Amino acid sequence: MKTIRVAAAVICDDMDHPSRIFATAKGYGEFKGQWEFPGGKIEAGEAAEEALVREIREELDTEIEVGSLIHTIEYDYPAFHLSMDCFLAKVTAGSLTLKEAQAARWLTGSELYEVPWLPADISLIKILEKRMACDVCQSRQKRNFKKWRKRLDSYAT
């Protein structure tokens, strides 16, 4: 079975504590209308990060900073094997102009399952859901601690 190597960008609002991620719906082909993370094929002699910068520039007219590798997905489609390196990324210039995708959305952790994802992307969604949920929990814990601390301080005076 033929292997296709690709890189995908999980473009987020904050690479340390993402609360929103950017996803696109394919605008063509067999999987038209299904959702994915933008990116594309890694050319011969090209690093995954280089491919990602090039593909995002071509597909979204946007410059990105590529962050850490989140996960490498290995998935068998009927006609090929997909090997997809998935990286966190953030926009450094541009406005995410759709050149190939038919739609796009910024999704919060609670909205991740509101779109029909491509089969290969589902395992990444599960990882992101946990990561984004942890960040939501940490945010709530900080708010609750501040409330608790304020209440405790009121007793001391």
Side-chain angles (χ1 to χ4, degrees), residues 4-42 48-49 51-53 55-78 81-152:
I4 298 177
R5 288 198 60 231
V6 300
V10 179
I11 298 172
C12 54
D13 56 348
D14 182 332
M15 286 200 283
D16 293 324
H17 303 286
S19 62
R20 296 182 321 140
I21 57 172
F22 184 77
T24 59
K26 286 188 79 65
Y28 59 90
E30 178 184 353
F31 299 107
K32 182 178 180 179
Q34 290 188 304
W35 288 72
E36 65 179 351
F37 293 100
K41 290 182 183 175
I42 301 169
E49 296 88 342
L52 206 46
V53 169
E55 287 284 347
I56 299 304
R57 187 179 299 131
E58 291 171 4
E59 291 180 13
L60 298 170
D61 199 25
T62 299
E63 298 296 322
I64 59 168
E65 175 187 332
V66 179
S68 61
L69 177 69
I70 302 167
H71 185 63
T72 298
I73 294 171
E74 301 292 339
Y75 189 85
D76 288 327
Y77 282 100
H81 175 80
L82 179 74
S83 180
M84 180 167 61
D85 292 336
C86 306
F87 294 87
L88 283 175
K90 72 174 184 176
V91 173
T92 58
S95 60
L96 297 169
T97 304
L98 301 182
K99 292 183 166 185
E100 296 180 12
Q102 73 178 31
R105 279 183 66 182
W106 283 97
L107 301 167
T108 64
S110 63
E111 297 170 328
L112 289 175
Y113 292 98
E114 291 183 6
V115 298
W117 292 99
L118 284 168
D121 289 67
I122 293 297
S123 62
L124 181 60
I125 296 305
K126 291 176 182 176
I127 292 168
L128 292 171
E129 179 181 36
K130 289 178 185 171
R131 184 175 189 153
M132 293 171 82
C134 287
D135 289 336
V136 168
C137 291
Q138 288 172 357
S139 177
R140 284 186 188 140
Q141 287 172 346
K142 287 178 186 176
R143 277 197 315 270
N144 290 339
F145 177 77
K146 287 178 184 176
K147 288 178 186 176
W148 175 83
R149 184 69 190 182
K150 192 174 184 178
R151 187 176 303 146
L152 184 63

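These numbers come from a predicted model, not from an experiment.
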Checklist outcome for this item: Between Gly39 and Ile56 the two heavy atoms that sit nearest each other are N-CD1, 4.0 Å

Next on the checklist: So which atom in Ala8 and which in Met84 form the shortest heavy-atom distance, rounded to 0.1 Å?
Outcome noted: CB-SD, 3.8 Å

Checklist entry - To the nearest 0.5 Å, what is the distance between CD1 (Ile73) and CG (Leu124)? => result 4.5 Å

Item to check | Note, Glu49 side chain near Phe87 side chain (heavy atom, < 4.5 Å) | outcome: yes

Next on the checklist: Against Ile21, only a single residue in Leu88, Leu112, Asp13, Thr108 fulfils side-chain contact (heavy atoms from CB on, under 4.5 Å); can you say which?
Outcome noted: Leu112

Next on the checklist: Are the side chains of Ile11 and Leu96 in contact, using a 4.5 Å heavy-atom criterion?
Outcome noted: yes

Checklist entry - Has Lys99 got more than 12 heavy atoms of other residues, nucleotides or ligands less than 6.0 Å from its NZ? => result yes

Checklist entry - Hey, does the side chain of Tyr77 reach the backbone of Ala120 with a donor-acceptor pair shorter than 3.5 angstrom? => result yes

Checklist entry - Taking all atoms of both residues into account, what is the closest heavy-atom pair of Met132 and Ser19, and its distance? => result CE-O, 3.2 Å

Checklist outcome for this item: Rounded to the nearest 0.5 angstrom, the CG-NZ distance for Asp14 and Lys90 is 8.0 Å

Checklist entry - Rounded to the nearest 0.5 Å, what separation is found between the CZ atom of Arg105 and the CD atom of Glu114? => result 5.0 Å

Next on the checklist: Check for me whether the distance between the ring centres of Trp117 and Phe37 falls short of 6.0 Å.
Outcome noted: yes

Checklist entry - Taking only residues two or more places apart in sequence, or in another chain, which ones meet Asp85 in a side chain to side chain donor-acceptor pair (under 3.5 Å)? => result Arg5, Thr72

Item to check | Side chain proximity check, Ile125 to Tyr113, heavy atoms < 4.5 angstrom | outcome: yes

Checklist entry - So does Lys26 have more than 12 non-hydrogen atoms from other groups sitting under 6.0 Å from NZ? => result yes

Checklist outcome for this item: Pro18 and Cys12 have their tightest heavy-atom pair at CB-CB, 3.8 Å

Item to check | Interatomic distance, Glu129 atom CD to Leu107 atom CG [nearest 0.5 angstrom] | outcome: 12.0 Å

Checklist entry - Between Gln34 and Asp121, is any pair of side-chain heavy atoms under 4.5 Å apart? => result no

Checklist entry - More than 12 heavy atoms of other residues, nucleotides or ligands under 6.0 Å from CD of Glu30: is that the case? => result no

Next on the checklist: I need the minimum non-hydrogen distance between Ala104 and Phe22, along with the two atoms involved.
Outcome noted: CB-CZ, 3.4 Å

Checklist entry - Taking only residues two or more places apart in sequence, or in another chain, which ones meet Glu74 in a side chain to side chain donor-acceptor pair (under 3.5 Å)? => result His81, Ser83

Checklist entry - Taking all non-hydrogen atoms of both residues, which atom of Val91 and which atom of Gly94 are closest, and how far apart? => result CG1-O, 4.0 Å

Item to check | Spacing of NE2 belonging to His17 relative to CZ belonging to Arg131, to within rounding of 0.5 Å | outcome: 9.0 Å

Item to check | From CD (Glu100) to CD (Glu55), nearest 0.5 Å | outcome: 7.5 Å

Checklist outcome for this item: side-chain contact (heavy atoms from CB on, under 4.5 Å) test vs Leu52 passes for just one of Ile42, Val6, Val66, namely Val66

Item to check | Test item: Thr97 and Leu60 side chains (from C-beta on) under 4.5 Å apart, heavy atoms | outcome: no

